[in-house]
Amino acid sequence: MIELTPRQVLDHLVGFPTVSRGSNLDLIDWLEGYLASHDIASHRHWNEDRTKAALFAHVGPWEAGGVVLSGHSDVVPVDGQAWSSDPWVVTERGGRLYGRGTCDMKGYVAQSVWALVRAHKQGVSRPLQLALSYDEELGCTGAPPMIAAMQGVLPQASAAVIGEPSGMKLIHGHKGGTGYHVHVKGFEVHSSLLPYGVSAIMEGARLIAWVNAKNAEIQARPASAVAATFYPPFTTLHVGMIAGGTAHNITAGDCTFAVEMRVVPGEDIDALAAEFETEAARLDAALKAVRPEAGVHLEKFFGVPGLKPEIDGAAEHLVRQLTGDNSTGVVSYGTEAGQFQEAGYSAVVCGPGDIAQAHQVDEYLELSEWDAGLRFMQGLLKELA
Ligand SMILES: [Zn+2]
């Protein structure tokens, strides 16, 4: 296949509607074929039921110490959104590239693919790698197995640049987090007989009260130096979505809600999660003492490590040099960068676009951002030459 321009690669990538709930294999098949047509071998890491795959590749000398450009292949749905143009076709108007994923984050991926092929053709003295995950939008669950597989096959890169939209600013820290779906099982009786039943709503409220108390406790503490760089400057716990009960005069048989925790990097996510689990176990025992059928069931639905600002990190050094950005940025949402860092890579976030456009109807990438991303890739190619 002829060598495509970055924009042509983007057209291909956006054309695959890789919504997280479906398969991404059409995109992976295409990309694998495209890279193979330029004599670049890539490797797949399959999910358990082989409906999705991550893809990674290496060009340049077969040695450690390279740079890995990393992104996710999946996008969020367009259901119920009234788009002005086909979300699966890149449409340029008014200095913007419209299309689902142009910003989050197929724009960066397209430029990375282009850079990989260029690096292979021009030759580089330091390796360049590409890593493309799946299920990022479902809570960053696809990257850890991909990274593990990569480490088994490729020489370890020293710097990872995760191209989530940051306006090409350097992001060297983000919060980590975890989340639970909570199901409180009650026991239905007429509300006049309250003590002989279990109201799942009223008991679930005890756990929610614990969440509120924990927030108050955390916020009463002085912020650490790392925490102080965040907005807000502390770990937060949140309850979103609650459902339960069938009538005003029946003790609720079920109450479900979701708890998420966004944790400042360096603070112990597992310890906080364990405190919550202990509280839930205590409530579970109390409910079972009233009615053995009652209880509390937790299902962890995501867990993402934070990204800790590194002292003199290789990734930060590289991105500063290429973008000229000397500011230090942190964000309060999670990315795969924390997972790369946890696996031993120096990692930062830097990519074209504004996170405010991610997941929106008429998602777009400013052409000025697209150009800034390309300049980054051109600079990188020079740096690696
Ligand atoms: Zn993203």
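Counting starts at 1 for both ligands and their atoms, in listed order. Note that the coordinates shown come from a computational prediction; the quantities given were computed from them, not determined experimentally. Any value given below was found using the heavy atoms of this structure, including those in side chains, with hydrogens, waters and symmetry copies removed.
- Of all the N, O or S atoms in H72, the one closest to the Zn ion (ligand 1) is NE2.
- Inspection of the N215 and H238 side chains reveals no N or O donor paired with an N or O acceptor under 3.5 Å.
- The Zn ion (ligand 1) has an N, O or S atom of E164 under 2.8 Å away, backbone or side chain.
- Between D254 and K185 a salt bridge is recorded (basic side-chain N to carboxylate O distance below 4.0 Å).
- Under 4.0 Å is where a charged nitrogen must lie from a carboxylate oxygen, and between D11 and R7 at least one such pair does.
- Nearest N, O or S atom of D104 to the Zn ion (ligand 1): atom OD1.
- For a distance bound of 2.8 Å, the N, O or S atoms of E137 include none lying that close to the Zn ion (ligand 1).
- Formation of a donor-acceptor pair under 3.5 Å by the R44 side chain with backbone atoms of F56 is not found in this model.
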